[in-house]
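This report refers to the structure that appears directly beneath it.
Being a predicted model, the structure only gives us computed values, none of them experimental.
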Amino acid sequence: MEPRGMKKWRPFATISEQYIGLKEIINKQAEVAQPALTEEEMEQMNFTLIEALHTNKQVYLTYYKRGQRITETGYIQFVDSLGDLFIFIDDVFELKNKMRLSELIDVRLA
């Protein structure tokens with residue numbers, strides 16, 4: 001007979017399907033609704049994006065994705081107001097990210 005060894009105890013997660021289900025329920029509870037922005041707020045964000053693009057200043061972007069508010073820092077590379085699209089370079093991994101302007105909640109200069 002072999003010794004059992006050290007096993008970490010995880011309450012309510014003894015069955016993998018149960019663990020996945022509980023994780024989904026917890027994530028659903030943490031979701032928030034996408035805030036509605038006024039025309040003035042959208043116009044102000046557009047001016048800030050264009051200013052950051054021309055001056056190459058770092059910005060704090062807050063956007064809505066899958067029920068969560070996410071804040072990242074980066075540099076704006078391209079803004080297309082008519083196409084509802086902008087591209088920013090992430091400060092941490094220096095990756096190009098394409099995003100819709102309609103997903104943006106807030107933009108601030110760093």
Side-chain angles (χ1 to χ4, degrees):
M1 188 177 329
E2 293 182 30
R4 186 177 133 150
M6 195 76 148
K7 299 283 182 183
K8 188 169 184 176
W9 180 68
R10 296 190 321 188
F12 307 112
T14 56
I15 303 171
S16 61
E17 294 84 13
Q18 182 182 17
Y19 183 67
I20 293 169
L22 286 173
K23 188 174 181 181
E24 287 175 5
I25 291 171
I26 291 169
N27 288 341
K28 289 262 187 211
Q29 289 176 343
E31 285 183 3
V32 293
Q34 183 173 4
L37 300 175
T38 63
E39 281 291 324
E40 185 178 311
E41 290 172 329
M42 289 189 287
E43 193 173 306
Q44 181 62 40
M45 285 192 317
N46 195 20
F47 285 136
T48 306
L49 284 172
I50 291 171
E51 180 184 348
L53 174 67
H54 291 299
T55 60
N56 200 25
K57 289 185 178 178
Q58 188 177 23
V59 292
Y60 294 109
L61 296 170
T62 304
Y63 58 93
Y64 180 82
K65 190 170 196 175
R66 292 189 215 118
Q68 295 181 351
R69 293 174 63 135
I70 302 169
T71 302
E72 291 187 22
T73 58
Y75 296 93
I76 305 299
Q77 186 178 29
F78 176 76
V79 177
D80 181 12
S81 299
L82 297 175
D84 190 40
L85 176 75
F86 74 98
I87 298 174
F88 75 98
I89 299 175
D90 189 5
D91 193 37
V92 178
F93 299 111
E94 296 181 0
L95 298 173
K96 284 186 181 180
N97 297 308
K98 239 184 222 185
M99 193 176 302
R100 295 191 166 283
L101 287 170
S102 59
E103 294 175 346
L104 272 179
I105 298 173
D106 190 28
V107 179
R108 299 195 187 261
L109 293 174

Evaluation steps, side chain to side chain contact (heavy atoms under 4.5 Å, CB included), between Leu104 and Phe86: CA-CA 10 Å; Leu104 272 179; Phe86 74 98; 3.6 Å; yes
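- Gln58 meets the side-chain contact (heavy atoms from CB on, under 4.5 Å) test with Thr73, Tyr75, Asp91, Ala110; sequence neighbours excluded.
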Derivation of the side chain to side chain contact (heavy atoms under 4.5 Å, CB included) call for Thr62 and Arg69: CA-CA 7 Å; Thr62 304; Arg69 293 174 63 135; 4.1 Å; yes
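- Leu109 is connected to Met45 through a chain of hydrophobic side-chain contacts under 4.5 Å among Ile, Leu, Val, Met, Phe, Trp and Tyr, so both are in one cluster.
- Taking CG of Leu22 as the start and CG of Asn27 as the end, the distance is 11.0 Å to the nearest 0.5 Å.
- Going from atom CD of Gln44 over to atom CG of Leu37 covers 12.0 Å, rounded to the nearest 0.5 Å.
- Here the closest heavy-atom approach between residue Glu51 and residue Lys57 is recorded as OE2-NZ, 4.2 Å.
- Taking each heavy atom of Val59 and Ala52 in turn, the nearest pair found is CG1-CB, 3.4 Å.
- Both Leu95 and Val92 are assigned to one and the same hydrophobic cluster, defined by single-linkage of ILVMFWY side chains at heavy-atom distances under 4.5 Å.
- No more than 12 heavy-atom neighbours from other residues, nucleotides or ligands sit within 6.0 angstrom of CD on Glu94.
- Heavy-atom minimum distance, Gln34 versus Glu103: NE2-CA, 4.2 Å.
- Atom CD of Glu31 sits about 13.0 Å away from atom CD1 of Ile26, to the nearest 0.5 Å.
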Intermediate values then yes/no, side chain to side chain contact (heavy atoms under 4.5 Å, CB included), Tyr63 and Ile105: CA-CA 5 Å; Tyr63 58 93; Ile105 298 173; 5.5 Å; no
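- Within the model, atoms CE of Met42 and CG of Leu49 stand 13.0 Å from one another, a figure rounded to the nearest 0.5 Å.
- Placement of Leu61 and Ile70 within a single hydrophobic cluster is found when ILVMFWY residues are connected by side-chain heavy-atom separations under 4.5 Å, directly or transitively.
- Put simply, Leu101 and Tyr64 are part of two different groups of oily side chains (I, L, V, M, F, W, Y) that touch within less than 4.5 Å, one to the next.
- The shortest distance between side-chain heavy atoms of Lys98 and Leu85 falls below 4.5 Å.
- At distances below 3.5 Å, not a single donor-acceptor pair connects side-chain atoms of Asp90 with backbone N or O atoms of Glu72.
- Using a 4.5 Å heavy-atom threshold, the side chains of Val79 and Asn46 count as touching.
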